[in-house]
Amino acid sequence: MTTVSERISQSAFDGSRLRVVLLLDLYDGAQKQFLEVYEHLRNQVSSVPGHISDELCQSIENPSQWLITSEWESAGPFLAWVGSEDHVKTVQPLHGCVRDTRSLRFSVLQETAGKNGSLAQSLAGVPDTIGAGLRAVPRRGDGVVRHALTFTVKPGSEPVVAELLAGYTSPRARVDENTLLRRSSVFMHGNRVVRAMEVEGDLVAALRHVAQQPEVMALEAAINPYLEQDRDLGDPDSARVFFTRAALPVVHRVAAGGEEPADVERHALFYPAKKGCGTALARLLASQDDAAADDPTSPIAGSTIFQRDDVVVRLLDMRGALDARPALALGFEGGQKAAVLARLLDEAKDGVLATDEDVARCLDRSTMKMITDRRTPEES
């Protein structure tokens with residue numbers, strides 16, 4: 001009998017195979033263009049490290065609806081690809097023929113081989129992965145989808161941007177009967193903004209709902225002049241590219257489960273990784289937070305790690321002061337993790353972080369400033 005982990009968790013670092021499902025709704029008359037674009041896209045993706053296979057399917061009920069499934073050795077290579085500039089450029093031609101898309105990602109837990117499965121795969125040139133890369137234990141969720149955006153503003157504009165982000169009116173929390181905006185947290189570190197959302201239900205529906213609210217549209221327009229990366233919200237392609245580049249996906253989430261203690265406070269830490277070290281850094285922090293979740297004396301009630309390339313952000317829900325156990329708060333308490341962390345950080349100035357003073361300075365540099373943290377009335 002398969003057991004289920006008792007703690008709340010999700011992770012891109014468990015080594016299991018990944019199945020990506022992309023649902024598409026084509027514009028009328030765009031089928032020929034779409035097939036040409038897909039052929040180019042397929043050829044590009046086939047050479048990406050970690051990619052195993054893909055399939056293109058067309059609905060038998062509505063020929064305008066298509067499905068692309070792809071399989072990856074693990075989540076890491078896929079997330080690296082989908083967060084790259086090459087991906088942004090490769091999928092750009094799709095926007096001219098696709099009315100709507102939705103991407104779903106699943107780790108492979110179990111599979112049943114067909115009678116001739118291995119032979120069919122071999123004939124197709126697809127590696128035989130039956131039984132390999134399966135995740136043995138299901139995870140327990142909490143019904144919440146987490147998502148973050150990050151962008152930078154022009155140096156010197158930080159106070160104005162912080163005031164704008166803190167002062168806007170929250171959009172209506174109820175999106176539809178199945179979707180609710182539960183929490184929105186905004187932090188800044190220098191000129192970098194990170195906006196984290198928690199959604200119950202359909203994340204895509206929630207993001208569209210938020211984007212269409214007058215108060216949010218006014219906020220985005222007010223921030224526009226201060227952005228380091230230009231965007232035109234009136235141009236769908238420009239807006240789409242901006243938000244694609246700004247996406248900061250969750251790579252690890254862990255919490256003890258049960259009711260959140262009343263004295264928990266939210267913090268965020270920013271880790272600028274050395275070039276090419278973002279995944280290793282996020283993985284190190286994930287291992288620390290897994291250990292903390294198994295320790296009933298740990299003040300960390302929950303941790304969410306976001307990573308895109310070499311930008312790593314760790315959201316902590318923690319009892320007590322952040323500096324009460326600074327090494328734990330930074331994510332390297334015990335063993336040789338301090339030395340490893342210092343080697344992975346781009347701005348580490350304290351060597352191996354050997355003294356309490358070193359650790360305190362690093363924690364102070366990493367701590368992000370909270371601009372706003374809003375829960376829905378249903379949660380308050």
Side-chain angles (χ1 to χ4, degrees), residues 22 24-25 27 37 41 79-103 145-171 175 181 184-197 199 203-250 268 270 272 278 306-313 368-369 371-372 374:
L22 185 63
L24 307 102
D25 185 16
Y27 288 118
V37 170
L41 178 64
L79 291 175
W81 155 246
V82 83
S84 69
E85 283 299 310
D86 283 345
H87 174 263
V88 173
K89 295 174 183 175
T90 300
V91 301
Q92 185 73 22
L94 275 178
H95 301 154
C97 48
V98 175
R99 178 185 293 110
D100 193 19
T101 63
R102 183 177 182 187
S103 179
V145 184
R146 293 167 174 86
H147 182 71
L149 296 172
T150 185
F151 53 88
T152 55
V153 297
K154 296 172 182 177
S157 68
E158 296 92 343
V160 176
V161 172
E163 185 176 358
L164 289 169
L165 290 168
Y168 81 100
T169 303
S170 297
V175 176
L181 303 177
S184 177
S185 307
V186 181
F187 293 86
M188 291 185 70
H189 187 276
N191 70 330
R192 179 171 294 279
V193 177
V194 173
R195 187 186 323 184
M197 290 178 57
V199 174
L203 176 63
V204 174
L207 293 175
R208 288 175 177 168
H209 165 79
V210 170
Q212 293 168 358
Q213 301 309 301
E215 55 270 32
V216 175
M217 295 173 67
L219 172 65
E220 299 288 0
I223 290 176
N224 250 10
Y226 305 109
L227 296 175
E228 283 199 314
Q229 179 188 336
D230 291 335
R231 69 177 179 188
D232 178 3
L233 294 176
D235 179 354
D237 283 343
S238 175
R240 186 184 294 111
V241 168
F242 177 87
F243 287 112
T244 297
R245 288 177 172 145
L248 193 62
V250 175
F270 173 66
F306 302 89
Q307 182 230 334
R308 182 188 180 94
D309 297 332
D310 296 327
V311 173
V312 181
V313 173
M368 304 188 76
K369 178 182 178 182
I371 306 302
T372 181
R374 307 182 185 189

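Note that this is a predicted model, so its numbers are computed, not measured. Heavy atoms only: backbone and side chains are in, while hydrogens, waters and symmetry mates are out. Residue indices begin at 1 and follow the sequence shown.
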**Complete:** So CE of Met197 and CG of Leu203: to nearest 0.5 Å the spacing works out to 6.5 Å
**Message:** Rounded at 0.5 Å granularity, tell me how far CE in Met188 sits from CE in Met368.
**Reply:** 8.5 Å
**Message:** Closer than 3.5 angstrom, by distance alone: can the side chain of Ser157 be matched with the main-chain N or O of Val160 as a donor-acceptor pair?
**Reply:** no
**Message:** Does Val313 form a side chain to side chain contact (heavy atoms under 4.5 Å, CB included) with Phe187? I'd like the steps, not just the answer.
**Reply:** CA-CA 10 Å; Val313 173; Phe187 293 86; over 6 Å; no
**Prompt:** Roughly how far, to the nearest 0.5 Å, is the CG atom of Leu219 from the CD atom of Gln213?
**Reply:** 12.5 Å
**Prompt:** Can you name the residues that form a side-chain contact (heavy atoms from CB on, under 4.5 Å) with Asp100, not counting sequence neighbours?
**Reply:** Asp25, Arg208
**Prompt:** Quick one: does Arg308's side chain have a donor or acceptor within less than 3.5 Å of a partner on Arg245's backbone?
**Reply:** yes
**Other residues, nucleotides, ligands: >12 heavy atoms within 6.0 Å of Glu163 CD** = no
**Asked** Of all heavy-atom pairs between Ile371 and Ala162, which one has the smallest distance, and what is that distance?
**Response** CG2-O, 3.4 Å
**Prompt:** Rounded to the nearest 0.5 Å, how far apart are CG of Leu22 and CG of Leu41?
**Reply:** 9.0 Å
**Prompt:** Do side-chain atoms of Gln307 reach the backbone of Asp309 as a donor and acceptor pair under 3.5 angstrom?
**Reply:** yes
**Request:** Mind listing the closest non-hydrogen atom pair of Asp310 and Gly278 along with its distance?
**Result:** OD1-N, 3.1 Å
**Fill in**
So CZ of Phe151 and CZ of Phe242: to nearest 0.5 Å the spacing works out to 6.0 Å
**Message:** If we ignore hydrogens and angles and just use 3.5 Å, is the side chain of Gln212 paired with the main-chain N or O of Val210 as donor and acceptor?
**Reply:** no
**Contact summary for Val98 and Tyr27, nearest pair of heavy atoms** = O-CE1, 3.5 Å
**Message:** Enumerate the side-chain hydrogen bond (donor to acceptor under 3.5 Å, both in side chains) contacts for residues 145-156, please, sequence neighbours excluded, ordered by first and then second residue.
**Reply:** Asp142-Arg146, Thr150-Arg192, Thr152-Glu228
**Complete:** All heavy atoms of Arg231 vs all of Leu227, minimum pair found to be NE-CD1, 3.3 Å
**Request:** Measure across Ala221 and Pro225 and return the closest heavy-atom pair with its distance rounded to 0.1 Å.
**Result:** O-CD, 3.5 Å
**Message:** Below 30° counts as parallel, above 60° as perpendicular, anything between as tilted: where do the rings of Trp81 and His87 land?
**Reply:** perpendicular
**Asked** Under the 6.0 Å and 45° cation-pi test, does Arg374 pair with Tyr168?
**Response** yes
**Message:** Show the nearest heavy-atom pair for residues Phe306 and Leu248, with the distance to one decimal.
**Reply:** CD2-O, 3.2 Å
**Prompt:** Going from CD on Glu158 to CG on Leu165, what distance comes out if it is rounded to the nearest 0.5 angstrom?
**Reply:** 12.0 Å
